[in-house]
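Keep in mind that the numbers below use all heavy atoms, side chains included, and drop hydrogens, waters and symmetry copies. Computed from a predicted model, the values in this text were never measured in an experiment.
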There are 4 protein chains.
Amino acid sequence: MSSTPATPTVGRPRDAALDANVLRAAMELLGEGGIAAVTMDAVAQRAGAGKASLYRRWKSKDELLADALTLHSPIDVEVDTGTLRGDLVKLYEHYYGIGNHVMQAAMQEMLGNVRQHLAWTEKVAPERLTARRAKVRALFERAVARGEIAPPADIDLLLDLVPAMVLYRYNTRNQKVSRASIARFVDAAVLPLAGLAAREARP
Amino acid sequence: MSSTPATPTVGRPRDAALDANVLRAAMELLGEGGIAAVTMDAVAQRAGAGKASLYRRWKSKDELLADALTLHSPIDVEVDTGTLRGDLVKLYEHYYGIGNHVMQAAMQEMLGNVRQHLAWTEKVAPERLTARRAKVRALFERAVARGEIAPPADIDLLLDLVPAMVLYRYNTRNQKVSRASIARFVDAAVLPLAGLAAREARP
Amino acid sequence: MSSTPATPTVGRPRDAALDANVLRAAMELLGEGGIAAVTMDAVAQRAGAGKASLYRRWKSKDELLADALTLHSPIDVEVDTGTLRGDLVKLYEHYYGIGNHVMQAAMQEMLGNVRQHLAWTEKVAPERLTARRAKVRALFERAVARGEIAPPADIDLLLDLVPAMVLYRYNTRNQKVSRASIARFVDAAVLPLAGLAAREARP
Amino acid sequence: MSSTPATPTVGRPRDAALDANVLRAAMELLGEGGIAAVTMDAVAQRAGAGKASLYRRWKSKDELLADALTLHSPIDVEVDTGTLRGDLVKLYEHYYGIGNHVMQAAMQEMLGNVRQHLAWTEKVAPERLTARRAKVRALFERAVARGEIAPPADIDLLLDLVPAMVLYRYNTRNQKVSRASIARFVDAAVLPLAGLAAREARP
DNA sequence: GTTTAAGCGAGACGGTACGTCCTGTCTTTAG
DNA sequence: CTAAAGACAGGACGTACCGTCTCGCTTAAAC
């Protein structure tokens, strides 16, 4: 995930704070003005950086945006609510930045525009989404282990259902992701397909 | 959906053939060289039109592309295979242009890039996708009528499942839509959620 | 000079008033907004005409402007003040529309931009300026006849001196033509070169 | 005259060679294909520059052309032939690029079209032509100093006579400037008005 | 009176130049 | 060697203008 290659020992060292500054600036612009507002000049200016510093760290705008998205959608979160449903909802809420409005808008906008940033599909998604998928997969395995569900027939599909619906509803009906929409996708699609009636307790 | 505003009775009327020419040119370029090949100059040249004629009809490149997509994703198709599964697979194949390679590539590219063409989300999707959804919904109602399934609990979600998965797999894993992937999404997600085991005959 | 070709006997006859309307509109726009304001669409609109009617009469914008200039700079004027100086000043004042402010501004702007309207140089100037030059030449010949001056050595050059200075001062110093500037060019250049001291009575 | 505004000390400095490249390209195109061939894209391409670099230096095409003309009409030339006639002819030949065919054509085309480039009249002419006029004026003063002529009565007019005739003959009769035409204007107009018979030795 | 041919206003058409903006690279001074 | 600043080539976008064309309508001569 890191953008910084082998650091040489001579010369001025790179400003570590700059990376975060730039990515934050990019996410802000994304959240404020949509994808159209995210130009490299604008990002550099807001970050108080030069464009060369951006391109020294990222090969292209695509990769910068990919990293920005990645940075602000951490995967290292531990959820253990005791039920598959609780775990799934909590993890997805975390992934979509529910509770942080700017980040949520930026995340959604980013996901919706992902195809025009091919680097994302080709490089970041495999790295990042694979890790996320592994996390979700672990939730299912834990549920199997504790006897909550039987091993699902087509788990690969189950792992994509929620993000697919979130993306589709946004791209076609401009529907923003929310705690409620996540819960609904889980209850009405994921759990039934996992052989679990959606009659559990709601938090 | 039409791009032509209130047509005045005076003056030379707009050439209706030109609209189709331009949209066809846009789709060709999209299929041949991806979204990057679709420049207004290229579209105009291939259509044998002037740029002014393009901008007379569409306010921006976005709106032109939105119309191009709409025109080339027909909804008026009758399917009646006798089973819900057969109907769904056949209709989706039609929607995704399965069998016509150029159109299929163009459709997919278009769908993946749709968010950068805000006009699409705001204007075309409501008009076009609503009609498509109505078609799919009718398939479910017919299946209910003939006793194949019980009325689904959350049909709105069922209507979006396949296109959502198609879009998501393309945007995140570069997975192209195909007859097989459609069938899989139908069998592994839609039919089970409709209360139908996916054990029917495969064509 | 006329723009109307052989009139056929059948069909609706051309509206004679339209020619004048168009040329007047062109001169107005020229005087008001300079050469940049004279677009064919603007001329047509102001004249209440269609563009096709303009191009039916004139082959190009150049020729229309040439005719506009010609129409509003009549040559058929009789001057006979008794002296060469008086004749010259009076004739040039007439040519430059001194006394009519709009026309004067338009004339000057037109003359200054004449080269970008090649039709003028190639077609109208020979027709129109030749006639003007003949008029001026006649003034000199009359002065010779009445013994006021001897036959000038290089009359061709004398005939161009005043319009040349008017054009040059406008194009390089934005100096507008006026009664005074004409008199000065006549007194300080033309008359001395014609062998006449500039000591005559001023009107 | 320079196109570069207050140069900041930070950032990459403007490439001084580019200015010259661009102006040379503009003059070449002007000489080769007339004013119609001088498009901003063509100038940029021939100069190996981007359009943005052109517009960074000049606000418009007009101003670029004005500078091009200025650059290629040098004033810093020393003439001293011993006679007023010799000096004048030599200096004007220099100004009009006599001997360099491309430059001569470009100069003439430029001068004839100067009014459509208002920037010229408003900005370059005052700076450039004033310097030129001063040069010519010095020739007259030297002639006075050595007793060749008496102080002319209306020297301002004398200074404009030759360029005025050159421009007028080009704009109205398409007559190109040449060594002979310059000599004729000097002999038949300037020298007589300076009180000098045109009977001197011709080179 | 009907037909016919052309003129007419309106405005769409192909083509082309303009000036703006954005991406990714390069070049300066300063640290 | 990195930093900020900003110039650089290239190319797409959307606007404007020219000269042509196509509508529906009008006008007058020819039949």
Exercise for the section: Decide yes or no for B:R46 and B:L29: does some side-chain heavy atom of the first lie under 4.5 Å from some side-chain heavy atom of the second? Expected result: yes
Exercise for the section: Taking all heavy atoms of B:Y55 and all of B:M40, pick out the closest pair and write down the distance. Expected result: OH-CG, 3.4 Å
Practice task
Round to the nearest Å and state the distance from A:W58 atom CH2 to E:dG24 atom P.
Solution key: 14 Å
Problem - D:R57 side chain near F:dC8 phosphate (N/O to OP1/OP2, under 4.0 Å) - result: yes
Handout entry: Which residue lies more 5' along DNA chain F, comparing D:D41 with A:G48 via nearest heavy atoms
Key = A:G48
Handout entry: Separation of F:dG6 C1' from D:D15 CG (nearest whole Å)
Key = 14 Å
Problem - Side-chain N or O of C:Y55 closer than 4.0 Å to phosphate OP1/OP2 of F:dG19 - result: yes
Exercise for the section: Take the protein atom NZ of A:K61 and the nucleotide atom P of E:dC21, then report the distance between them rounded to whole Å. Expected result: 15 Å
Exercise for the section: Answer with yes or no whether B:R12 presents, from its side chain, a donor or acceptor under 3.5 Å of a partner atom in the base of F:dC21. Expected result: yes
Problem - Polar pair under 3.5 Å, donor/acceptor by atom type, side chain C:K51, base F:dG19 - result: yes
Handout entry: D:R57, D:R24, D:R56 screened by salt bridge (charged side-chain N to carboxylate O under 4.0 Å, His left out) with D:D19, the one that passes
Key = D:R57
Practice task
State, with a plain yes or no, whether a side-chain heavy atom of D:N21 is found less than 4.5 Å away from one of D:D15.
Solution key: no
Handout entry: Any B:L65 side-chain heavy atom under 4.5 Å of B:W58 side chain
Key = no
Exercise for the section: Grab the CG-C1' distance between A:L54 and F:dT2 for me, whole Å please. Expected result: 14 Å
Exercise for the section: Counting heavy atoms from C-beta on, name the nucleotide in F:dA30, E:dG14, F:dC23 closest to the side chain of B:A49. Expected result: E:dG14
Exercise for the section: Look at the side-chain N and O atoms of B:R56 and state whether any lies under 4.0 Å from the OP1 or OP2 oxygen of F:dA16. Expected result: no
Handout entry: Candidates E:dG24, E:dC8, F:dA4 - which lies nearest the side chain of A:S60
Key = E:dG24
Practice task
Between F:dA12, F:dC8, F:dG6, spot the one nearest the side chain of A:A52, thanks.
Solution key: F:dG6
Practice task
Please state how far atom CG in C:L18 lies from atom C1' in E:dA10, giving the value in whole angstrom units.
Solution key: 14 Å
Exercise for the section: Starting from C1' on E:dT23, measure out to CD on A:E63 and report it in whole angstrom. Expected result: 14 Å
Handout entry: Length of the CZ-P vector between C:R14 and E:dG9, whole Å
Key = 12 Å
Exercise for the section: Return the 5'-most residue of the pair B:K59, C:V38 with respect to DNA chain F, ranking by each residue's nearest nucleotide. Expected result: B:K59
Exercise for the section: Nearest whole angstrom, please: distance from the P of E:dC18 to the CD of D:Q45. Expected result: 13 Å
Exercise for the section: Could you pick out which residue, B:A44 or D:M40, lies toward the 5' side of DNA chain E when each is mapped onto its nearest nucleotide? Expected result: B:A44
Handout entry: Pairwise 5' ranking along DNA chain E for A:T39 and C:S53, keeping only the more 5' one
Key = C:S53
